Every structure is written in C-alpha cells, then in structure tokens.
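It should be emphasised that the depicted structure is a prediction, and the values quoted were computed from it without experimental measurement. Numbers here are sequence positions counted from 1.
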Amino acid sequence: MNFTRKFLDVKAVLIILIAAFLFVFNVLPMGYLILRSFMGDNGFTLEAFKRIYTYSLNWNALKNTLITAGLSMVFGIIIAFPLAWLVGRTDLYGKKFFRTLFVMTYMVPPYVGAMAWLRLLNPRVGTLNLFLSEIFGLSENPFNIYSIGGLVWVLTTFYYPYAFITISRAMEKMDPSLEEAARISGASPFKTILTVTFPVMLPSITAAALLVFISAASCYGIPSIIGAPGQIDTVTTRIIDYVYVGSSEGLTDATALAVSLMLIANIVLYISTFICGDKKYITVSGKSTRPNIIELGKWRIPVTILVSLFALIVIIIPFITVAMTSFTKNLGKPLTFSNFTARYWHILFTRKGILDTLKNSLTAASISATAGIIISCVMAWLLTRTKAKGRYIPDFLITLGSGTPSVVIAVALIMTMNGRFYINIYNTLTIMIIAYMIKYLLMGMRTVVSAMNQIHPSLEEAALISGAQWHKSFKDVTLPLIAPSVVAGWFLIFMPSFYELTMSTLLYSTDTKTIGYELYTYQTYHSQQTASAIATGILILVIIVNWILNKLTKGEFSI
C-alpha cells in the first residue's frame with residue numbers, strides 16, 4: 001500500500017512540475033499578452049487595435065500574411081501528398097534517397113532558402129533569370145523574387161516538408177486492406193487514391209495543411225529578406241518593427257498585432273478541428289502492416305525523372321548556389337578561378353563574433369533538446385502507461401505552445417520575464433532556451449509517444465512481476481527499446497533551436513546573439529558571401545547530423 005501511494009505521488013508530482021513549468025513560461029505570458037492588448041490607462045479598451053488598424057500598412061501586412069500563408073499551405077499540400085505517396089507506396093527509383101532529401105530540408109533554416117532564391121531570381125542579376133533570358137532570348141528577366149509570388153514560392157519550397165513528414169508517417173500506418181479492397185473491386189491506382197487513400201488521409205492532410213499555414217504565417221526570415229526589398233510587409237515583420245521602436249506604445253502595438261496573429265492561428269485550428277471532428281477513420285490495424293507497393297510500370301522512369309527534376313530545382317540548385325556564393329569574390333560575376341576565394345570561410349572560422357554566436361546556439365540548443373527530451377520521455381510514460389488524473393493538462397499546454405506563432409511567444413516572454421512577475425531572465429540565454437522549449441517540445445514528445453505506443457505493456461509488467469520497481473523497469477526495459485526515438489526526438493528539438501531566427505531576433509542581447517541571427521545580419525547588412533559561408537556550414541552540419549542519426553538508430557530514423 002505504501003509503495004502504491006508513493007508510486008501515485010510520484011506521478012502526481014511529475015504532472016504538477018511539468019504543468020507548473022508550462023504555466024509559468026507559457027500560460028502566464030500568453031494570458032498577460034492578451035490582457036495587455038486590451039488594457040489602457042483607464043482600464044479595458046480597444047484603443048491599441050483601433051490604432052494599429054487605422055494604418056493601411058498594417059492592413060496590407062495582415063492581407064499579405066493571409067495570402068502568402070494560405071497559398072503556401074495549398075501549394076505545400078499539392079506538392080507533399082503526391083511525393084509522400086510516390087515515396088511510400090510505389091516502386092519509384094531511389095525512394096530512400098528522395099525521402100532523405102525531402103525530409104532533410106525540414107532541418108535547414110528557411111531563410112537559407114530565401115538567400116538562395118535571392119541569388120537565383122533577383123530581377124536584375126539573378127543567375128537563373130539571366131540563364132533563362134539568354135536561352136529563350138527574352139528582352140527582360142522573367143521572374144521577380146521581390147513579389148508576392150516570389151514570397152509564396154520560397155515559403156512553399158521550404159515548408160512543404162512539414163506536410164510531407166506528417167502525411168508520410170500517417171500513410172505508413174494506414175491499413176493496406178482498405179486499398180486492397182478497392183483494387184480487387186477493379187479500381188485503378190489513380191481512382192483508389194481519389195476514393196480511398198485521400199478521404200482516409202484527410203485528417204492527416206488537414207493537420208499538415210494547418211502546420212504549413214501556421215509556420216508560414218509566423219515566419220520572419222523569409223518575409224524580411226525577400227519581402228522588405230519589395231515593400232511587402234507581413235504581420236511578423238510589422239511586430240518586430242514595433243518592438244524595435246522601443247517605446248511603451250510600440251510594445252503595446254506589437255502586442256495587439258501578436259494577439260491578431262494568435263487569433264488567426266486559433267481560427268485555423270478550429271476550422272481544422274471542425275473539418276476532421278466527425279471523421280473517425282480506422283487507419284491503423286491491430287497487427288503489423290506493410291503498405292502495398294504499387295508498380296508504376298512504364299511510368300516508373302518518367303515519374304522518377306520528374307521527381308528528380310523537382311529535387312534538382314527546389315533543393316539541389318539552391319543549396320549549390322549558396323555554397324558557390326561563399327567562394328565568390330565579386331557577386332556581379334560568375335564563379336571562375338579568378339573570381340574564387342576562400343577568405344569568407346577563413347572569416348567563418350576565425351572571427352570571434354561568429355564563434356561566440358555559434359557557442360551560444362550550440363549551448364542553447366543542447367540544453368533545450370536535453371531538457372525537452374527528458375520531459376518528452378516523462379510525458380510519454382504518463383500518457384501511455386498510466387491513468388494518472390491530470391496527465392492531459394501538460395499535454396494540452398505543450399500542444400498549445402507548439403501551435404503558437406514564434407513571434408507571439410517571444411513578445412509574451414519579453415513582457416513577463418523582466419521581473420514583472422518576480423522572474424527576471426530578460427537578456428539572458430535562459431529566456432531563449434525556454435522559448436525554444438515552448439515552441440519545439442511537441443516534436444520530441446510526439447516522437448517518443450509514438451514509440452511507446454508500439455511497445456506492448458506486457459514487457460514492463462514482466463519486469464514488475466520479477467520484482468523490479470517502475471523506474472527500474474522503465475530504465476532497463478522501455479528506454480532501450482525506445483532509444484532510437486529518443487535520439488531522433490532530441491535532434492528534432494536541437495536542430496530548429498540551433499538555427500532559430502524569429503524568437504532570437506527579439507530575445508537576443510549583446511552577449512546572447514545566436515548563429516541564426518548572425519547569419520541574418522550578415523546577409524542583410526554586411527556580407528552575403530560570409531552569410532553564405534555560415535549557411536553552408538549549417539547545411540554541412542545537417543548532413544552530418546543525419547548521418548549520425550542513421551548510425552545511432554540503425555537506419556530507423558533520419559532527419
């Protein structure tokens with residue numbers, strides 16, 4: 001009885017500790033942010049909202065955000081669903097390579113894509129623009145990256161992997177007997193996709209679309225690098241502009257805009273829930289399933305060529321462009337032997353400012369990932385192995401933090417973690433670590449929860465019957481079995497924290513600048529070649545991390 005009471009107490013303590021952390025650093029800041037946006041000198045008021053929306057610039061920013069995020073969501077799904085089906089359900093050549101390539105872009109900073117396409121589609125000197133004009137004898141360059149279309153293109157090419165990952169995982173778990181029945185009834189592969197696969201996958205597709213929309217709407221790096229020169233504002237760029245004003249009114253206006261962005265995210269979430277709420281599909285059978293592989297036949301080579309062209313244009317050429325820029329002396333001339341230099345890589349490895357930001361990013365990302373994966377493991381155990389009351393409260397709060405736009409999290413922490421509520425971590429690395437955990441904790445938790453669900457409880461029960469205590473059973477039985485997922489979850493928190501830009505732009509101090517912010521400032525204000533060297537270094541790191549992750553998990557997971 002004493003052991004049972006102690007066991008229950010431990011579960012309760014764990015839930016309380018995690019919920020308390022999330023309440024202090026998530027619920028309280030968000031609640032205060034919302035309250036502050038409606039408060040004036042004389043109490044409740046809508047003055048801040050009236051003021052910000054009397055400016056046409058803010059209305060245009062809101063419109064641009066909805067248009068770019070909406071189109072990025074639509075095009076992202078149009079790209080991701082066929083790719084997920086081809087890679088997961090057909091005999092496409094090089095499936096493993098394409099899967100790794102498409103997923104790897106998820107771990108590359110989106111603003112690196114903005115840098116690449118800036119070089120390729122600059123309206124005057126873009127490499128790809130000049131090439132196409134010369135080939136087709138055009139009188140003027142065909143594309144202008146400084147436009148709504150250019151912004152949507154870059155957002156789509158770097159956020160469709162979010163949908164690809166979500167849809168791929170759901171498709172792998174889908175019961176193949178559903179499609180088998182359609183094929184036996186005489187349906188063609190294409191008709192089977194339209195009448196069976198797509199409807200069954202609709203909840204996952206909707207979730208993926210929501211993720212792309214919120215990610216694109218809360219993005220700062222791409223709209224800042226590409227939108228600013230074309231005078232295309234978004235809500236995130238306007239929020240950061242208001243914060244940089246430095247006045248009390250500027251912060252209030254930033255708060256009102258942040259609440260507007262949070263409202264948009266929640267409306268999209270509600271629509272997603274409404275669409276999927278009554279659609280309950282059993283997509284995972286009770287036994288181990290292996291998806292049927294559809295033979296493409298005469299279409300196998302043409303489809304493989306088409307996918308290869310997509311990968312070449314969307315992934316390989318932009319990455320190569322960034323790498324080449326890092327070795328170019330004069331950006332106005334092509335990379336030749338006489339125009340080649342390695343000085344920007346020398347700067348990368350010798351300039352103290354860059355090395356300090358690298359150290360800050362590695363420290364913050366490592367602590368965020370380590371603390372995050374510990375919480376993830378605890379939450380996975382509470383959710384899958386216990387019936388403790390209140391276990392869904394921290395789960396809900398973690399999901400809420402993940403769905404909150406990054407810029408909103410940053411503004412909320414700025415307003416509350418400056419001593420106002422007896423916690424002063426403003427201008428420290430700690431506030432950045434907490435911001436990263438709030439935003440990216442869900443990635444690690446969902447990975448570990450998924451692994452825990454695949455392990456039968458009887459394995460742990462056998463250890464308990466043999467006399468092992470619950471924590472020893474978890475350490476000796478469960479943890480070794482979910483180790484690959486734990487490693488993958490750690491990296492899924494580490495990598496986006498390492499190169500994060502939006503929150504870092506608002507939360508950094510002189511001593512806590514990060515590599516993401518340093519890259520952005522070099523690209524925007526100093527040297528595009530040095531920025532490209534930093535970006536290429538991040539790309540190399542992603543490749544190395546992917547290789548390490550494959551080795552550690554024996555190929556079970558990769559970025």
Side-chain angles (χ1 to χ4, degrees), residues 25-41 44-66 68-69 214-225 227-228 231-267 401 403-421 424-427 431-432 434-436 438-439 500-509 512 516-517 520-521 524:
F25 295 111
N26 187 7
V27 178
L28 175 63
M30 296 305 159
Y32 182 77
L33 178 77
I34 295 172
L35 182 65
R36 171 68 183 270
S37 68
F38 291 103
M39 296 301 292
D41 296 334
F44 180 85
T45 179
L46 295 174
E47 185 60 35
F49 291 93
K50 291 179 181 177
R51 183 169 59 248
I52 63 172
Y53 287 116
T54 56
Y55 300 125
S56 60
L57 200 61
N58 290 330
W59 276 112
N60 287 334
L62 181 62
K63 181 181 71 173
N64 292 337
T65 298
L66 294 174
T68 55
I214 292 178
S215 299
S218 61
C219 178
Y220 170 70
I222 293 176
S224 179
I225 292 174
Q231 297 183 331
I232 302 171
D233 287 300
T234 62
V235 173
T236 53
T237 58
R238 292 296 297 155
I239 289 173
I240 291 178
D241 286 345
Y242 276 123
V243 172
Y244 278 178
V245 168
S247 65
S248 176
E249 185 177 294
L251 189 57
T252 301
D253 291 348
T255 301
L257 272 179
V259 170
S260 300
L261 186 59
M262 189 161 55
L263 179 64
I264 292 171
N266 280 280
I267 289 174
T404 304
S406 301
V407 69
V408 178
I409 294 174
V411 172
L413 289 175
I414 287 173
M415 299 181 66
T416 54
M417 296 297 117
N418 55 4
R420 187 185 302 275
F421 295 99
N424 190 354
I425 53 175
Y426 187 63
N427 282 343
I431 195 172
M432 304 180 86
I434 289 171
Y436 299 159
I438 295 298
K439 182 64 181 177
E500 205 283 329
L501 174 63
T502 307
M503 293 184 290
S504 302
T505 299
L506 290 173
L507 298 175
Y508 83 93
S509 66
T512 60
Y517 180 74
Y520 171 77
T521 55
T524 307

Sub-3.5 Å donor-acceptor pair from the side chain of T68 to the main-chain atoms of N64, do we have one? yes
Give, for atom CG of L33 and atom CG of L28, the distance between the pair rounded to the nearest 0.5 Å. 11.0 Å
Give, for atom CG of L57 and atom CD of Q231, the distance between the pair rounded to the nearest 0.5 Å. 9.5 Å
Is it the case that the side chain of T54 and the backbone of R51 share a donor-acceptor pair, with hydrogens and angles ignored and the cut-off at 3.5 Å? yes
Minimal non-hydrogen separation, I52 against N58, with atom names: O-ND2, 2.5 Å
My understanding is that only residues two or more places apart in sequence, or in another chain, count here; which of them pass side-chain contact (heavy atoms from CB on, under 4.5 Å) with T512? L429, M432, Y508, S509
What are the two closest heavy atoms between L261 and A217, and how far apart are they? CD1-O, 4.0 Å
Can you tell if the side chain of F421 reaches within under 4.5 Å of the side chain of P29, non-hydrogen atoms only? no
Mind checking whether Y220 and Y520 have parallel, tilted or perpendicular rings, split at 30° and 60°? tilted
Does any non-hydrogen side-chain atom of K439 lie less than 4.5 Å from one of E500? no
Got a list of side-chain donor-acceptor pairs under 3.5 Å for residues 404-417, not counting sequence neighbours?
from : atom 1 : to   : atom 2 : distance (Å)
T404 : OG1    : L400 : O      : 2.7
T416 : OG1    : A412 : O      : 2.8

Return the minimal non-hydrogen interatomic distance between Y426 and I431, and the atom names on each side. CA-CD1, 4.3 Å
S218 side chain to I214 backbone, donor-acceptor under 3.5 Å: yes
What residues, two or more places apart in sequence or in another chain, satisfy side-chain contact (heavy atoms from CB on, under 4.5 Å) together with L263? I267
Taking the cut-offs as 6.0 angstrom to the six-membered ring centre and 45 degrees off its axis, would you call R238 and Y242 a cation-pi pair? yes
In short, C219 meets T236 closest at the heavy-atom pair O-OG1, 2.7 Å
Could you tell me the separation between the CD1 atom of I232 and the OG atom of S224, rounded to the nearest 0.5 Å? 12.5 Å
In short, A216 meets A69 closest at the heavy-atom pair CB-CA, 4.0 Å
With side-chain contact (heavy atoms from CB on, under 4.5 Å) as the test, would you mind laying out the steps for Y53 and L257 before giving the verdict? CA-CA 9 Å; Y53 287 116; L257 272 179; 3.8 Å; yes
Closest non-hydrogen atom pair, L501 against G516: CD1-O, 3.7 Å
